[in-house]
Every structure is written in C-alpha cells, then in structure tokens.
Number of protein chains: 2
Amino acid sequence: MTPEALQVLLVEDEPQMRRFLRVALEGGGYRYLEAASGREGLALAVQHRPDVILLDLGLPDMDGLDLMTRLREWSRTPVIVISARGRETDKIGALDVGADDYLTKPFGTGELLARIRVALRHADPGAVEDPLFTLGRWRVDLARRQVLVAGQEVHLTPLEYRLFTTLIRHAGRVVTHRQLLKEVWGGVAGAQPLYLRVYMAQLRHKLEEDPSRPRYLQTEPGVGYRLRTED
Amino acid sequence: MTPEALQVLLVEDEPQMRRFLRVALEGGGYRYLEAASGREGLALAVQHRPDVILLDLGLPDMDGLDLMTRLREWSRTPVIVISARGRETDKIGALDVGADDYLTKPFGTGELLARIRVALRHADPGAVEDPLFTLGRWRVDLARRQVLVAGQEVHLTPLEYRLFTTLIRHAGRVVTHRQLLKEVWGGVAGAQPLYLRVYMAQLRHKLEEDPSRPRYLQTEPGVGYRLRTED
DNA sequence: GAACGGCGTTAAGAAGGCGTTAGGAATCCA
DNA sequence: TGGATTCCTAACGCCTTCTTAACGCCGTTC
C-alpha cells in the first residue's frame with residue numbers, strides 16, 4: 001500500500017460489519033481507519049483527516065445526526081451514511097445535515113466503492129482543509145474547538161462557543177435574533193432574546209479588547225448581531 | 001415562481017413518470033424542463049443549462065450511459081440517475097461515467113428532493129458573491145445588510161434601512177406615500193406622511209453628498225419619492 | 001402681496017431595546 | 001455526595017430609536 005493511498009474512515013459499532021467493510025475497502029486500494037463509537041470517530045476525523053468517512057447511524061454513544069452536525073462545523077469531508085434504517089425520513093434528515101450519500105444495508109461492495117469514487121470526485125480539489133478562522137488577534141480552530149486570543153487560549157462554555165461559531169459561519173453578515181436563538185438553542189421553546197444579550201456580553205468580555213466598545217462582535221439594534229470582518 | 005428558481009431537467013420517456021416527477025419538482029420549488037428522449041435531453045441541456053439533470057437510463061433512442069458520456073464532454077452539471085434497473089453493475093457503470101447519484105424506482109419524492117439538494121450543494125463549492133446594488137458612490141449588500149458610501153460603512157436604523165431598500169426595490173420608479181408607508185411601517189394605523197419626510201431627511205443626511213440638493217433620493221411632489229438611477 | 005399647502009429641518013420627549021451584574025438552579029464530573 | 005462549572009432569570013440603568021411637534025422655506029393661488 002503506497003502512502004499516497006486515499007484514506008477511508010469507517011465509524012461502525014458492529015464488529016462483523018467492520019470486518020466486511022475492511023476487506024472491501026482494502027481490496028479497493030484504500031487505507032483503512034476504523035472507530036467503534038461516535039466519540040472515537042470524531043477524534044479520528046480530527047486527527048487523521050480522512051478523505052472519505054463511512055458512517056453508520058446506529059451508534060451506541062451518540063446519534064449519528066449529531067455526529068454529522070459536529071463534523072460539519074469544521075469539515076467538508078464527504079460522508080457516506082450506511083444504515084440499516086431505510087425509512088425515508090432518516091435519509092432526508094441525514095442528507096440535509098450534510099451527508100453526501102445514503103446507502104441502505106445490505107449493499108454490494110461494488111456499489112459502495114463506486115459511490116466512494118463519486119464522493120472523492122466531489123471533494124473540492126482546490127480547497128485545502130482549513131478549519132482555521134482568524135480575525136484580528138483571534139484564532140479559532142474549529143476542529144479542536146479551541147479559541148486563541150493573542151496566542152492565549154480562552155475557554156468558552158458550550159453555549160458561548162456555539163454562539164460564537166454561529167456568528168463565524170455567517171461572518172460579515174447580520175444574523176437575526178430569531179436565527180441565532182434557533183441555531184444555538186435549537187428551537188427550544190422559551191428561548192428569549194435576553195439569552196443573547198447575556199451571552200454576547202460574556203463573549204465580549206472574553207474576546208474583545210475593550211468589551212464596552214466591541215470591535216468585532218457588533219450589535220445591529222432591532223435586528224440581531226454581526227461578526228464584523230475587516231476588508 | 002421567481003425567475004431565480006433553480007431549474008431541473010428531466011429526461012424520461014414514460015409519460016406517467018414525467019407527470020409524477022413534475023408535480024414533485026414544482027412542489028419543491030424548482031423550475032421544470034422535460035425531455036422524452038436522449039437526443040432532446042442533450043439539446044435542452046445545451047440550450048437551458050439546467051442546475052440539475054434527472055436521467056432515466058431506459059430511453060428509447062439512445063443508451064443512458066452514452067448520454068452521460070456525451071454530456072460530460074462539456075458539462076459538469078450534476079446528474080441523478082433514476083432507473084428501474086437495480087442491478088449493481090448498472091449502478092456502478094452509471095456512477096463511473098459521471099453520474100452523481102443513482103436512485104432505484106420506486107422512490108419517495110422527499111428522498112429525491114433531498115438528493116437534489118445534495119447535488120446542488122456539490123455544484124458550486126466556490127462561494128457565490130452577494131448580489132450588490134451599486135449607484136454612484138453607494139454600494140448596498142442586501143444579504144449582509146450593509147451600506148457603504150464611498151467605501152465607508154454607514155449605519156442605518158431599522159426603519160431607515162427598510163425605507164431605503166424599499167426605494168431600491170423600485171429603483172427608478174416613483175413610489176407613492178401610501179405604498180412606502182405600507183411597506184415600511186407595515187400598515188400600522190397612524191402611519192403619517194410626516195414620517196416619510198423625517199426619515200427621507202435622515203437618509204439624505206447619511207447618504208447624499210449634498211443633502212440639501214439630493215442627487216438620488218428625489219421628491220416627487222404630491223406623489224411620493226423616487227430613487228433616481230443614472231442613465 | 002398675502003394666505004395657503006406641501007415639504008425639509010431640527011429638537012425633545014417617550015418607548016423600547018440593550019448591556020450589565022448577580023444570585024440561584026441545574027448539570028456535570030470526580 | 002460534594003464541588004465546580006454552566007445555565008437561566010430578574011432587576012436596573014443607559015442608550016438608541018421612534019414619534020411628535022414646531023418652525024421655516026418655497027411655490028402657488030386668490
């Protein structure tokens with residue numbers, strides 16, 4: 001196996017399925033990497049940056065869709081879902097949170113390999129996988145969930161981090177109160193604009209040089225907030 | 001249906017299937033284009049440059065794989081194959097000559113639409129630039145909710161912004177007092193023409209070079225206001 | 001030439017949105 | 001089970017924004 005061989009990460013808890021796929025993938029000329037749980041899968045994705053990810057939705061420790069969402073926060077690596085669930089809503093849900101294909105068990109190895117080739121074809125050739133967002137003295141490593149301000153690591157709570165990355169994802173444009181509440185608090189009933197005020201204040205204190213005169217985390221009165229990018 | 005709606009080309013010889021898919025696609029908000037033969041399909045693809053192509057492999061006049069090959073000589077438009085043939089070799093063949101996905105009949109419309117969304121997502125990873133409205137030294141990015149005058153960002157309050165964008169939307173044409181009040185103040189009782197005078201003055205101060213002699217934000221006495229476009 | 005109506009301008013009060021702080025509840029981890 | 005972290009909630013004061021009124025300018029009309 002040459003070191004240039006493309007690498008496939010398989011996230012699957014059933015040992016039998018892992019064995020089967022390992023043979024198929026190595027037979028197809030790919031380097032092979034496996035994880036038996038969602039947590040391990042995410043870690044390996046961060047560590048090895050595989051070229052394709054095969055993901056079983058029925059994992060023991062976390063929901064497959066959550067894993068997709070977490071992954072898509074920083075990576076556009078093609079994901080092919082392989083699942084025993086053939087219900088249409090499962091497929092739609094997975095595809096809409098960022099999966100690139102959905103294969104229902106059982107399937108043939110030939111088709112799997114062909115769909116992997118399609119996924120590789122789609123992978124943005126020019127785009128160097130760069131999960132780094134930088135702005136002023138800030139450096140955010142989306143893959144490691146690490147935020148540095150002037151080289152110093154700053155700890156953000158889960159909600160602070162989600163609010164921050166939501167603004168990053170829409171950098172430069174206004175994000176409305178409604179949209180922020182939906183994306184950060186997940187459409188939970190009772191999410192109030194008051195939350196945003198509190199958490200924006202906390203973010204400013206942790207990230208801005210002069211929290212009372214924010215340079216990047218800007219308020220758009222009556223509308224929402226915006227992460228200002230300099231141009 | 002807005003003229004910006006994405007367009008789907010369906011190449012399918014069975015009338016019954018065409019009817020079914022037409023309903024599904026138009027229900028999904030796409031513009032719809034159909035061809036009953038491979039020859040016609042290629043011609044329409046050249047002519048209309050659809051955003052996605054749905055291709056049935058079982059065509060009367062030419063083999064679906066040949067069509068794929070011919071198409072890929074000049075176009076990378078995403079192609080989703082829909083076929084009654086579920087044999088693995090068919091799938092592999094289609095995917096390897098350039099198809100982006102392969103759906104076996106019968107399938108649900110929800111899944112089809114989800115796979116179309118995936119195909120569209122793949123189509124342009126190169127970020128699309130925001131549509132800009134420019135006029136003189138003004139540059140308005142509606143998506144970012146940002147207004148630049150001579151390169152300098154200018155802050156507008158919610159009402160100012162709504163008034164301004166309403167005029168932009170009808171650029172060049174007169175917008176009556178009544179219409180402006182309705183679109184900006186939302187039909188709230190008590191909205192007076194006085195409001196317009198106040199807010200037009202504020203807009204002129206923020207945007208015009210000589211607010212007392214406005215170049216673009218013009219008054220149409222007794223009727224309304226107009227955003228003058230030059231030419 | 002004086003009265004009138006439409007418009008622009010300015011300013012001030014009112015209303016609502018926003019930032020800030022802190023304390024208690026809930027959750028997580030050891 | 002205990003401690004620490006994180007989240008929710010309320011209270012308060014400030015600041016932006018909206019509304020409203022007053023006044024001056026200009027052109028038209030009688």
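Computation of the quantities below employed the complete heavy-atom set of this structure, encompassing side-chain atoms and omitting hydrogens, waters and symmetry-equivalent molecules. Just so it is clear: chains get the letters A, B, ... in the order the sequence lines come, proteins before strands, and each one is counted from 1.
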Starting at the 5' end of nucleotides 15-30 of chain C, put B wherever the base has a protein heavy atom under 4.0 Å, S where only the sugar-phosphate does, and a dash everywhere else.
--SBBBB---------
Starting at CG of Leu54(B), measure out to CG of Leu33(B) and round the result to the nearest 0.5 Å.
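Reported value, rounded in 0.5 Å steps: 11.0 Å.
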Do Asp141(B) side-chain atoms and Leu132(B) backbone N/O form a donor-acceptor pair below 3.5 Å?
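No; judged by distance alone, with no hydrogens or angles, the pair does not exist.
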Minimum heavy-atom distance Leu227(B)-Phe133(B), with the two atoms named:
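Result for this residue pair: CD2-CZ, 3.8 Å.
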Between Leu196(B) and Leu163(B), which heavy-atom pair has the shortest distance, and what is it?
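Residues Leu196(B) and Leu163(B), closest heavy atoms: CD2-CD1, 4.2 Å.
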Does Arg18(A) pair with Asp13(A) as a salt bridge, N-O distance under 4.0 Å?
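Result for this pair is no, no salt bridge flagged.
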Pairing of Asp100(A) and Arg72(A) as salt bridge, 4.0 angstrom limit
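Result for this pair is yes, salt bridge flagged.
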Parallel, tilted or perpendicular: which one describes the rings of Trp185(A) and Tyr199(A), with boundaries at 30° and 60°?
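Plane angle over 60°, so perpendicular.
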Any Trp185(A) side-chain nitrogen or oxygen under 4.0 Å from OP1 or OP2 of dC7(D):
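No.
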Whole angstrom value for the distance that separates [atom2] of [N] from [atom1] of [X]:
X	N	atom1	atom2	value
Leu203(A)	dT6(D)	CG	P	13 Å
Tyr195(B)	dC7(C)	OH	P	17 Å
Arg213(B)	dC26(D)	CZ	C1'	15 Å

Modelled atom types, side-chain donor and acceptor of Thr219(B) and Arg204(B), under 3.5 Å
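There is such a pair (donor and acceptor under 3.5 Å, judged by atom type) between the side chains of Thr219(B) and Arg204(B).
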Specify the residues of residues 154-161 of chain A, ordered by number, for which at least one heavy atom lies under 4.0 angstrom from an atom of DNA chain D.
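Nucleic-acid contacts, sorted: His155(A), Thr157(A), Pro158(A), Leu159(A).
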